[in-house]
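Since the model is a prediction, treat every value here as computed from it, not as a measurement. Below, all heavy atoms of this structure are taken into account, side chains as well, without hydrogens, waters or symmetry copies.
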Amino acid sequence: MNRSDVLISAEELLRLQASGPTPRLLDVRWTLPKPDGRDDFAAGHIPGAIYVDLDTELADHANTEPTAGRHPLPSAEQFQDTVRSWAVTDDTEVVVYDDNSSLGAARAWWLLRWAGLDARVLDGGLAAYRAAGGRLETGASPELEPSHITISPNSLPVIDADAVAAWDGVLLDARAGERFRGETEPMDPRSGHIPGAKSAPATGNIHQGSFLDEAALRERFSALGALEGPVGVYCGSGVTACHNALALAVAGVEASLYPASWSGWSADPERPVETGA
């Protein structure tokens, strides 16, 4: 897998919009302080885009088991229904984007790839699209006729806490360094990180809103030992870990996602914790 398999530039998207058929555009406007981006979407989005609610469509909050984490993955049945509601078929080209360094978009990208579907992230997001001359439209998502697609779940690897505890490879933590070191923990039951993990903040994949090039990403992950042997990724709740999975894909590496991440691990008092660098 190379960069063009994972990312699409604003210029290429504009060419596709001009020549058709237009990709299915998914707008994943989401941040931790403001998880519902519906009003931002309504105020301006790429024409034809569908608003995707990360908390309800890209997670299963019916799962209240603390060790499942704050953003448990939807079941295969749930996600298949969601993909169908987006009118995605086997032949649909899907492009996902957001306005926050692709942190939300990466979760949608990962789930679509996990479901066996092709998808790319708009590099640079909404800002890059506007800078390239793209116009926005306002209002709600369009009404679509659901598809009848059958997904192929587990097309990307997922690991649980027991697999993480016995992990024989590199484990990357996508949270900010101060959370990894245990200096602060605003969200979860305990501070620190999973023993043996390495700090790899997702923000390090980005420069001025866009992903680093393949060579720079390979250099970054090589320094972390992540170009050899199995690689696992986690974060606070399984969202920004997908950003590292995406960046690793650009670098030619397939990562295994620990969806429960630190929120699930730290909720289990039997799981050990490390602090410091």
Side-chain angles (χ1 to χ4, degrees), residues 28-41 52-74 98-111 125 158-161 164-165 167 170-207 209 211 220 224 232-248 255 257-277:
V28 193
R29 224 76 71 89
W30 173 89
T31 64
L32 274 174
K34 188 182 180 184
D36 189 338
R38 208 175 313 266
D39 57 344
D40 295 321
F41 173 87
V52 174
D53 187 321
L54 187 147
D55 280 346
T56 61
E57 296 179 274
L58 306 181
D60 177 16
H61 287 289
N63 186 347
T64 58
E65 175 61 43
T67 55
R70 285 184 280 111
H71 286 101
L73 293 181
D98 61 30
D99 62 351
N100 186 35
S101 298
S102 300
L103 292 173
R107 171 76 168 209
W109 169 86
W110 187 91
L111 271 167
V158 176
I159 50 178
D160 61 13
V164 169
W167 192 247
V170 175
L171 186 63
L172 301 181
D173 185 320
R175 297 174 301 159
E178 59 268 23
R179 290 184 69 191
F180 176 87
R181 294 187 296 271
E183 296 164 4
T184 183
E185 183 44 68
M187 306 291 293
D188 296 314
R190 293 185 286 166
S191 59
H193 59 266
I194 296 171
K198 296 184 178 183
S199 180
T203 51
N205 300 322
I206 295 288
H207 177 66
F211 279 87
R220 179 184 196 221
L224 293 163
V233 292
Y234 79 94
C235 57
S237 69
V239 174
T240 56
C242 296
H243 201 274
N244 271 354
L246 190 156
L248 282 159
L257 175 69
Y258 173 35
S261 285
W262 182 248
S263 57
W265 182 276
S266 62
D268 184 347
E270 299 300 315
R271 299 293 181 186
V273 168
E274 281 186 350
T275 56

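Closest non-hydrogen pair, Tyr258 versus Ile194, comes out as CE2-CD1, 3.9 Å. Between Pro201 and Gly177, the closest heavy-atom pair is CG-N, 4.1 Å. In terms of heavy atoms, Ser263 sits closest to Ser237 at OG-CA, 3.6 Å. When every heavy atom of Ala165 is checked against every heavy atom of Arg271, the shortest pair comes out as CB-NH1, 3.8 Å. Summarising the geometry of Trp265 relative to Ala161, their closest heavy-atom pair is CZ3-O, 3.6 Å, with the distance given to 0.1 Å. Taking every heavy atom of both residues into account, Val273 and Ser191 meet most closely at CG1-O, 3.2 Å.
In this structure, the side chains of Pro35 and Leu54 stay at 4.5 Å or more apart for every pair of heavy atoms.
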Can you give each donor-acceptor pair under 3.5 Å made by side-chain atoms of residues 101-111, sequence neighbours left out, with the distance rounded to 0.1 Å?
from	atom 1	to	atom 2	distance (Å)
Arg107	NE	Leu58	O	3.0
Arg107	NH1	Gly238	O	2.6
Arg107	NH2	Leu58	O	2.8
Arg107	NH2	His71	O	3.0
Trp109	NE1	Ala119	O	3.4

Verdict with supporting geometry, Leu246 and Asn205, side-chain contact (heavy atoms from CB on, under 4.5 Å): CA-CA 9 Å; Leu246 190 156; Asn205 300 322; over 6 Å; no
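Under the side chain to side chain contact (heavy atoms under 4.5 Å, CB included) test applied with Trp262, the options Glu185, Arg70, Met187 reduce to a single match, Glu185.
Judged by distance alone, the side chain of Arg175 and the main-chain N or O of Gly236 form no donor-acceptor pair under 3.5 Å. Side-chain atoms of Thr31 come within 3.5 Å of backbone N or O of Lys34 as a donor-acceptor pair. Side-chain atoms of Asn244 come within 3.5 Å of backbone atoms of Ala200 as a donor-acceptor pair (strictly under, hydrogens ignored).
Under the rule for a salt bridge (Lys or Arg N to Asp or Glu O under 4.0 Å), the partners of Asp36 that lie at least two apart in sequence or sit in another chain are Arg38.
Using a 4.0 Å cut-off between charged nitrogen and carboxylate oxygen, Arg179 and Asp173 do not count as a salt-bridge pair.
More than 12 heavy atoms of other residues, nucleotides or ligands lie within 6.0 Å of NE2 in His61, so this atom counts as buried by the packing criterion.
A distance of 12.0 Å separates CG of Asp99 from CH2 of Trp30, quoted to the nearest 0.5 Å. Distance check, rounded to the nearest 0.5 Å: CG of Leu171 to NE2 of His193 gives 9.5 Å.
Here salt bridge (charged side-chain N to carboxylate O under 4.0 Å, His left out) pairs that include residues 55-64, with residues two or more places apart or in two chains, number zero.
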